[in-house]
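Computed from a prediction, not measured in an experiment: that's the story for all the values here.
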2 protein chains.
Amino acid sequence: MTTFRSGCPITSSLDIVGDKWTLVILRSMAMGATSFAELIALPEKIATNILASRLGRMEETGLIVCDQAGQGRRRGVYRLTRKGADLLPVVQALARWGETHLPDRWTVPEKFRDMTSEQLIG
Amino acid sequence: MTTFRSGCPITSSLDIVGDKWTLVILRSMAMGATSFAELIALPEKIATNILASRLGRMEETGLIVCDQAGQGRRRGVYRLTRKGADLLPVVQALARWGETHLPDRWTVPEKFRDMTSEQLIG
DNA sequence: TTTTATACTTGCAAAATGCAAGTGCAAAGT
DNA sequence: ACTTTGCACTTGCATTTTGCAAGTATAAAA
C-alpha cells in the first residue's frame, strides 16, 4: 500500500510514479509495448526482478491491467488503463524538457508528441 | 556527474529529476520557497542531509542557483534558473493527474495552475 | 521429447534514503 | 563581552530500494 508524504497532489503523484522506472515503462507502453519481453528488450535495460515488481505495483495502483492474467506464467498482455494513460501529459512534458535542455538526446516520434490519452485507450 | 540510461529525452529527464525529492523541492520553490529553512519546514518532512544533497545536485545540474554563495554557512537564497523553471509544466501535469485520480488530495492554488515558467524567473 | 521462449523468483551486493545527533558561523539578546 | 538562538549544513549508522546473476515454472515449437 502506498503511504503518502502529504496531501499535496503533486507529492502524492510522485509517491506513485516518482521512482526510477514507472514512467519509463509507461512511456514504452504508450509507444506500443505490451509484454514483459518487450519491456526487457528496451535500451534502458531494466532488471527482470525490478520490472516484475514495478508491473505488480502499477497493476495494484490501477495504472495498467493484465489481460488473461491468472494461473502460472505466460500472463498475456499488459494494457494502460485510463488512469495510466492520463499520465501521458506528464511524460510529454518530460520529453519536451529533455529535448530543450539536455544535449544530444533522441527526438521523440511526432505521433507521440501529438498523442492524447484517449488515443492510448481507444 | 549524471549517467544517462539511454539517449531518450524522457528517460534522461528522469535521470535528472526522477528521484523522490527533486520535483517536490522544485514545486516548493515555484510556490515561493527560497531558503534551506523554508524547505525543511515543508509538510513532507525532508531530512536535512537529503535536502543538502538534493540542492547540491540541483545546482550542479543547473536547475537552481544560490545567490551570495561562497564562504562558510548562511549561503543566501536559492532561485530557479530558466532550466529549472521550465520544469513547471511537468509539475503542473502531475498536479492535474493527482487531483483527477487520487482521492482526498489538497487543491493546488489557482495561481499555480495558471503560472508560466517565465513568471517564475521574471 | 528435447529445445526454446516467456515470465517470472531468489539470493545477495550496492546504492539511495532516512534518522538522530553534532558542527560552524553569524546575528540577537543580556 | 559572552551566551544563546537560528540557520545551514555534516557525519555516522540503520533501513529501504535498486541492481546483478542465476535459477525456476510453464507452454509452445521443433
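The separation between A:L39 atom CG and C:dA5 atom P is 19 Å, rounded to whole Å. At whole-Å resolution of the value, CD1 in B:I40 and P in D:dT10 are 12 Å apart. Protein atom CG of A:D15 is 14 Å distant from nucleotide atom C1' of C:dT17, rounded to whole Å.
Residue pairs meeting the side-chain hydrogen bond (donor to acceptor under 3.5 Å, both in side chains) criterion with at least one partner in residues 22-45 of chain A, sequence neighbours excluded, are A:D19-A:T22, A:R27-A:E44, A:R27-B:T11, A:T34-A:E38, A:S35-A:E38, A:E44-B:S6, A:E44-B:T11. The stretch residues 84-115 of chain A participates, sequence neighbours left out, in these ring pair (Phe, Tyr, Trp, His ring centres under 6.0 Å) pairs: A:W97-A:H101.
With sequence neighbours excluded, the residues that form a side chain to side chain contact (heavy atoms under 4.5 Å, CB included) with A:T107 are A:E99, A:R113. By the side chain to side chain contact (heavy atoms under 4.5 Å, CB included) test, A:E60 pairs with A:R57, sequence neighbours left out. A:R96 meets the side chain to side chain donor-acceptor pair (under 3.5 Å) test with no other residue; sequence neighbours excluded. Taking A:T116 as the reference, A:E118, A:Q119 meet the side chain to side chain contact (heavy atoms under 4.5 Å, CB included) condition, with sequence neighbours excluded. Judged as a side chain to side chain contact (heavy atoms under 4.5 Å, CB included), and not counting sequence neighbours, the contacts of A:T2 are A:F4, A:D15, A:I16, A:T61.
Taken residue by residue, residues 44-54 of chain B places heavy atoms nearer than 4.0 Å to DNA chain D at B:T48, B:N49, B:A52. Within residues 16-36 of chain A, the residues that have a heavy atom under 4.0 Å from DNA chain D are, in order of number, A:D19, A:K20, A:W21.
Side-chain contact between B:M58 and B:I25: present, with at least one pair of heavy atoms (C-beta onward) separated by less than 4.5 Å.
For the pair A:Y78 and C:dC8, the criterion of a side-chain N or O lying under 4.0 Å from OP1 or OP2 is met.
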